[in-house]
There are 2 protein chains.
Amino acid sequence: MIDFVRILIEHNIAPSIQRIKILEYLSKYKTHPTADMIYRELVKQIPTLSKTTVYNTLKTFTEKGLLTALAIFDNEIRYDFNTDQHIHFKCSKCGLVFDLDGSHDTFNEDFIEGHKITEYHINLKGICKNCLKKESK
Amino acid sequence: MIDFVRILIEHNIAPSIQRIKILEYLSKYKTHPTADMIYRELVKQIPTLSKTTVYNTLKTFTEKGLLTALAIFDNEIRYDFNTDQHIHFKCSKCGLVFDLDGSHDTFNEDFIEGHKITEYHINLKGICKNCLKKESK
DNA sequence: TCCATATTTGTAATCATTACAAGAATGAAA
DNA sequence: TTTCATTCTTGTAATGATTACAAATATGGA
Ligand SMILES: [Mn+2]
Ligand SMILES: [Mn+2]
Ligand SMILES: [Zn+2]
Ligand SMILES: [Zn+2]
């Protein structure tokens, strides 16, 4: 059982019910959800939850390094509890986002051509295994 | 002088004034502009230009493989006349998008872990050379 | 308990993009 | 050259994600 309250305190974030639930959701469902997906699920548990709170919380978490914000196609931000370097693949059929942690060699450099690098993302797009299977039938 | 009419015809796109101008703009200004940036520039030349036409045209061009659509941070689509594989870097200070054509080894595989790959993007974020220079003053 | 501060909420605003329908241009057949 | 179907363009309205903002609520220490 992960101690979400401790994680929040360690990141200098006051552990409100909303924040605990949002962090719990992200750690449990590694589907790279959008703010709206998180809202729609959690409002069932917390009927008074506001979508603004979800947005604010996700912003805070990202700024404090607790999450990674992903901008992978289709103009929507997705959130990832896994802040380690890994590769993302989005299926253009079903819309699911998969992790590909292939041991691809990554940039380690802090500077490239004089620019300071703070984030590094590899995003792939295509048709996922499941959708390919359906297609072939 | 590039023959934009020929390029359009070769891609099975009827060469209207609007389409020619949009293609010309993208080939001339390699700044990875958004639809809105293109509109704001071209409406000076074509006062009747509609933003919808810009969006439609960019969609058509992308579908026909004439452009690459980039989703690099901040929820906006940018367009690139250069369809060759290269790396993008967005400065979080000034917002400019730079090309980094570093000979980074890329995926060549058509399939990864069973998923069919159709697009491959490497996006970096950080602070660009120019902004670093300004900061240090 | 009291109070300053942090957090949450709900609504309105914004920004990028898409949907849609009507008008204009095009170009081939008669 | 007229006709007419098709394609393009335009303008406005709608959508969807996100942010701004101000009021209401919760929190934790003095
Ligand atoms: Mn991930
Ligand atoms: Mn580029
Ligand atoms: Zn799929
Ligand atoms: Zn910069």
Side-chain angles (χ1 to χ4, degrees), chain A residues 4-5 8-9 11-25 32-64 66-67 69-79 90 92 95 97, chain B residues 4-5 8-9 11-25 31-64 66-67 69-80 90 92 95 97:
Chain A
F4 298 108
V5 174
L8 289 172
I9 291 171
H11 284 82
N12 286 311
I13 303 167
S16 69
I17 303 293
Q18 293 84 347
R19 287 168 174 172
I20 293 167
K21 287 292 183 188
I22 290 170
L23 188 58
E24 187 183 6
Y25 183 86
H32 313 91
T34 62
D36 191 61
M37 291 171 189
I38 296 168
Y39 171 78
R40 289 202 311 267
E41 278 310 307
L42 292 185
V43 79
K44 296 173 187 169
Q45 293 176 48
I46 313 169
T48 60
L49 182 65
S50 162
K51 202 178 273 188
T52 302
T53 299
V54 177
Y55 276 104
N56 289 341
T57 301
L58 292 170
K59 192 176 188 185
T60 304
F61 285 3
T62 304
E63 284 168 359
K64 303 277 187 176
L66 201 45
L67 299 177
L70 310 176
I72 14 175
F73 310 109
D74 305 307
N75 259 64
E76 62 185 7
I77 300 177
R78 289 166 169 269
Y79 293 89
K90 179 164 185 176
S92 40
V97 174
Chain B
F4 298 107
V5 174
L8 290 172
I9 292 170
H11 284 82
N12 286 311
I13 303 166
S16 69
I17 302 292
Q18 293 85 347
R19 289 169 172 172
I20 293 166
K21 286 292 181 187
I22 290 171
L23 187 59
E24 186 182 9
Y25 183 87
T31 53
H32 312 91
T34 62
D36 192 61
M37 291 171 189
I38 296 168
Y39 171 76
R40 288 203 311 269
E41 278 310 307
L42 292 186
V43 78
K44 295 173 186 169
Q45 294 177 48
I46 313 170
T48 59
L49 182 65
S50 162
K51 200 177 276 190
T52 302
T53 299
V54 177
Y55 276 103
N56 289 341
T57 301
L58 292 170
K59 192 176 190 184
T60 303
F61 285 4
T62 304
E63 284 168 359
K64 303 276 187 177
L66 202 43
L67 299 177
L70 310 176
I72 15 176
F73 312 110
D74 304 307
N75 260 63
E76 60 184 9
I77 300 175
R78 289 166 169 268
Y79 293 88
D80 199 341
K90 179 164 184 176
S92 38
V97 174

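By convention in this document, chain letters (A, B, ...) are assigned in the order of the sequence lines, proteins followed by strands, and residues within each chain are numbered from 1.
- For A/I13 and C/dT8, the CD1 to P distance is 11 Å, given to the nearest whole Å.
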Side chain to side chain contact (heavy atoms under 4.5 Å, CB included) evaluation trace for A/Y39 with A/T34: CA-CA 9 Å; A/Y39 171 78; A/T34 62; over 6 Å; no

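- Here D/dT19 presents its C1' atom at 8 Å from NZ of A/K59, a figure rounded to the nearest Å.
- Between D/dT10 and B/Q18, a contact under 4.0 Å exists linking OP1 or OP2 to a side-chain N or O.
- You'll find that the side chain of A/K51 is closest to D/dT18, out of D/dC8, D/dG11, D/dT18.
- A/R40 has its CZ atom 12 Å from the P atom of D/dT18, to the nearest Å.
- By the 4.5 Å heavy-atom criterion applied to side chains, B/L23 and B/I13 are not counted as neighbours.
- Closest to the A/A35 side chain, of the nucleotides C/dT7, D/dT18, C/dT9, is D/dT18.
- Protein atom CG of B/L70 is 16 Å distant from nucleotide atom C1' of C/dA16, rounded to whole Å.
- A/T48 comes within 4.0 angstrom of the backbone, heavy atoms only, and of no base.
- Atom NZ of B/K21 and atom P of D/dT10 are 14 Å apart (whole Å).
- Here the closest heavy-atom approach between residue B/Y25 and residue B/E41 is recorded as OH-CG, 3.5 Å.
- For A/T52 and D/dA20, a side-chain-to-base donor-acceptor distance below 3.5 Å is present, hydrogens and geometry of angles not being considered.
- Counting to the nearest Å, the P atom of C/dT7 and the CG atom of A/L23 are 15 Å from each other.
- Atom CD1 in A/I46 sits about 18 Å away from atom P in D/dT25, given to the nearest Å.
- For A/Y55, no side-chain nitrogen or oxygen approaches OP1 or OP2 of D/dT19 to under 4.0 Å.
- Nearest-nucleotide assignment on DNA chain C puts the 5′-proximal partner with A/R19, out of A/R19 and B/I17.
- With C/dT9, C/dT18, D/dC8 as the candidates, the nucleotide lying closest to the side chain of A/T53 is C/dT9.
- In this structure, A/N56 places its CG atom 18 Å from P of D/dT25, rounding to the nearest Å.
- When every heavy atom of A/A35 is checked against every heavy atom of A/V54, the shortest pair comes out as O-CG1, 3.6 Å.
- Closest of all the heavy-atom pairs between A/R78 and A/H32 is NH1-O, 2.7 Å.
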